[in-house]
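Quick note: numbers below take in every heavy atom, side chains included, and nothing from hydrogens, waters or symmetry partners.
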Amino acid sequence: MQLRQLEYLVALARERHFARAAAACYVSQPSLSAAIRRLEHELHVPIVRRGRRYEGLTPEGEVVLAWAHRMLAERDALRQELSALGDGLTGTLRLGVVPTALPAASLLTTPFCDRHPRARVSIESLSSVDITHGLAEFELDAAMTYLDDDSLRRLPLYEERYVLLTPTDGPLGTASTARWAQAAALPLCLLGPRMRNRRIIDECFAADGARAAPAIESDSVAGLYAHLPGGRWSSVISHAWLHMFGVPDGMRVVPLEGPAHGPRVGLVTGPDDPPSVLAAALVAVARKAGVREALDERLRTYLETADSD
């Protein structure tokens with residue numbers, strides 16, 4: 001058995017297509033197919049269900065795939081540990097981030113790159129469900145996500161805090177605070193209902209006896225912010241977004257009455273024990289990064305600016 005054969009199998013399971021898997025591995029389709037057939041012969045089990053096209057893996061193939069992920073992760077961990085003993089940490093840190101935490105990701109990745117200049121970071125925006133899967137399948141080294149799953153190693157980073165972004169000349173433009181029900185009555189632009197953040201703020205609206213009916217919904221924070229300049233729309237946002245996007249011209253931040261903090265966002269690593277060298281290095285950076293303090297300070301600055309206007 002060769003590790004290259006396992007790489008082909010992982011690529012095939014990911015791409016679900018022989019030609020695309022071969023292209024991802026920079027080999028011809030016959031070479032990839034022959035390598036997987038040799039693997040089946042060596043292990044004495046069928047791995048791929050074959051028809052006129054790729055039809056998935058057999059039960060035995062699913063077992064082999066799980067071991068392939070694990071063995072390739074161990075190979076990568078060995079390379080990383082050896083590099084750390086030499087000229088410094090190398091390799092690519094694969095970081096999954098829920099979309100609403102992306103604006104705060106640089107608070108970890110920038111100091112990580114400063115401390116490990118020979119390492120690289122690959123960030124992928126994923127749902128919390130996809131992140132759980134990616135960690136379990138060794139496709140991610142670490143993730144910034146909501147801290148829901150007690151089975152994962154976690155390091156809390158911050159608690160989401162929700163504020164209203166509203167035009168300064170709007171109905172709540174001079175308010176010192178606002179209720180969720182008041183915010184629900186505004187022309188709103190919010191994240192879409194499939195987003196975890198939207199479901200959380202919908203619960204906050206409901207707790208105040210209101211229901212938001214946004215005219216515009218977006219599946220990304222950037223798409224939401226793109227609609228805010230111009231003074232027509234208001235939005236409820238996580239305070240972490242202020243770190244990257246700030247407050248658009250003509251708008252101000254208004255605190256919302258209700259829970260002081262929302263759900264926790266943290267850094268989690270996968271099931272490998274101990275974690276990969278890259279994941280462990282990111283955790284070490286995160287412990288000293290002061291993410292919560294940095295985000296709270298940014299929010300405090302905008303609130304003080306709004307009060308002085």
Side-chain angles (χ1 to χ4, degrees), residues 1-80 91-99 120-146 148-153 192-196 219-220 268-276 278-279:
M1 183 190 305
Q2 298 179 353
L3 291 176
R4 191 63 173 165
Q5 292 170 304
L6 302 181
E7 291 175 342
Y8 292 165
L9 176 61
V10 169
L12 179 60
R14 181 183 66 246
E15 301 293 339
R16 302 188 61 80
H17 191 277
F18 278 96
R20 289 198 299 268
C25 295
Y26 302 102
V27 297
S28 66
Q29 181 175 333
S31 295
L32 183 137
S33 297
I36 291 179
R37 287 190 182 277
R38 285 196 300 272
L39 185 60
E40 291 176 315
H41 178 74
E42 292 168 9
L43 296 177
H44 306 290
V45 295
I47 293 176
V48 178
R49 290 190 286 113
R50 293 179 175 85
R52 296 184 63 183
R53 59 186 61 140
Y54 175 78
E55 297 182 355
L57 300 181
T58 64
E60 297 89 343
E62 294 290 350
V63 173
V64 176
L65 177 64
W67 277 97
H69 280 299
R70 190 174 297 117
M71 294 169 71
L72 293 173
E74 292 290 342
R75 185 270 316 269
D76 294 340
L78 172 61
R79 289 175 173 171
Q80 294 161 12
T92 300
L93 172 73
R94 300 164 301 173
L95 181 66
V97 184
V98 290
R120 300 174 58 209
V121 179
S122 174
I123 298 176
E124 190 170 359
S125 177
L126 298 169
S127 70
S128 55
V129 173
D130 289 337
I131 281 176
T132 299
H133 175 79
L135 290 170
E137 297 298 325
F138 301 94
E139 296 170 354
L140 297 172
D141 296 299
M144 290 178 65
T145 185
Y146 291 105
D148 294 327
D149 190 343
D150 292 334
S151 67
L152 296 172
R153 285 190 294 269
R194 291 188 298 176
M195 306 289 286
R196 169 70 186 277
D219 66 353
S220 72
V268 299
T269 57
D272 45 336
D273 191 15
S276 72
L278 286 168

Do [X] and [Y] have side chains that approach each other closer than 4.5 Å (heavy atoms only, starting at C-beta)?
X: Val48; Y: Phe18; value: yes
X: Val98; Y: Leu126; value: no
X: Ser127; Y: Arg194; value: no
X: Tyr8; Y: Val27; value: yes
X: Leu57; Y: Leu9; value: yes
X: Glu124; Y: Arg94; value: no
X: Thr269; Y: Asp141; value: no

(request) Show the numbers, then the answer: is there a salt bridge (Lys or Arg N to Asp or Glu O under 4.0 Å) between Glu7 and Arg75? (result) CA-CA 11 Å; Glu7 291 175 342; Arg75 185 270 316 269; 3.0 Å; yes
(request) Provide the full list of salt bridge (Lys or Arg N to Asp or Glu O under 4.0 Å) pairs with a residue in residues 31-45, sequence neighbours left out, each pair given once. (result) Glu40-Arg50
Please round to the nearest 0.5 Å and tell me the distance separating atom [atom1] of [X] and atom [atom2] of [Y].
X: Glu62; Y: Ile47; atom1: CD; atom2: CD1; value: 11.0 Å
X: Leu32; Y: Leu12; atom1: CG; atom2: CG; value: 6.5 Å
X: Met144; Y: Ser125; atom1: CE; atom2: OG; value: 11.5 Å
X: Arg196; Y: Thr145; atom1: CZ; atom2: OG1; value: 8.0 Å
X: Arg4; Y: Leu72; atom1: CZ; atom2: CG; value: 10.5 Å

Under 3.5 Å donor-acceptor, [X] side chain and [Y] backbone:
X: His69; Y: Glu137; result: yes
X: Gln29; Y: Ala22; result: no
X: Thr58; Y: Pro46; result: yes

(request) Check whether more than 12 heavy atoms from other residues, nucleotides or ligands sit under 6.0 Å from atom CZ of Arg120, and answer yes or no. (result) no
(message) Does Arg14 form a side-chain contact (heavy atoms from CB on, under 4.5 Å) with Arg20? I'd like the steps, not just the answer.
(response) CA-CA 10 Å; Arg14 181 183 66 246; Arg20 289 198 299 268; over 6 Å; no
(request) Under the side chain to side chain contact (heavy atoms under 4.5 Å, CB included) rule, collect the residues that match up with Arg16, sequence neighbours excluded. (result) Tyr54
(request) Identify the residue among Leu95, Leu93, Val121, Thr92 that makes a side-chain contact (heavy atoms from CB on, under 4.5 Å) with Leu278. (result) Leu93
(request) Mind listing the closest non-hydrogen atom pair of Leu135 and Ala143 along with its distance? (result) CD1-CB, 4.3 Å
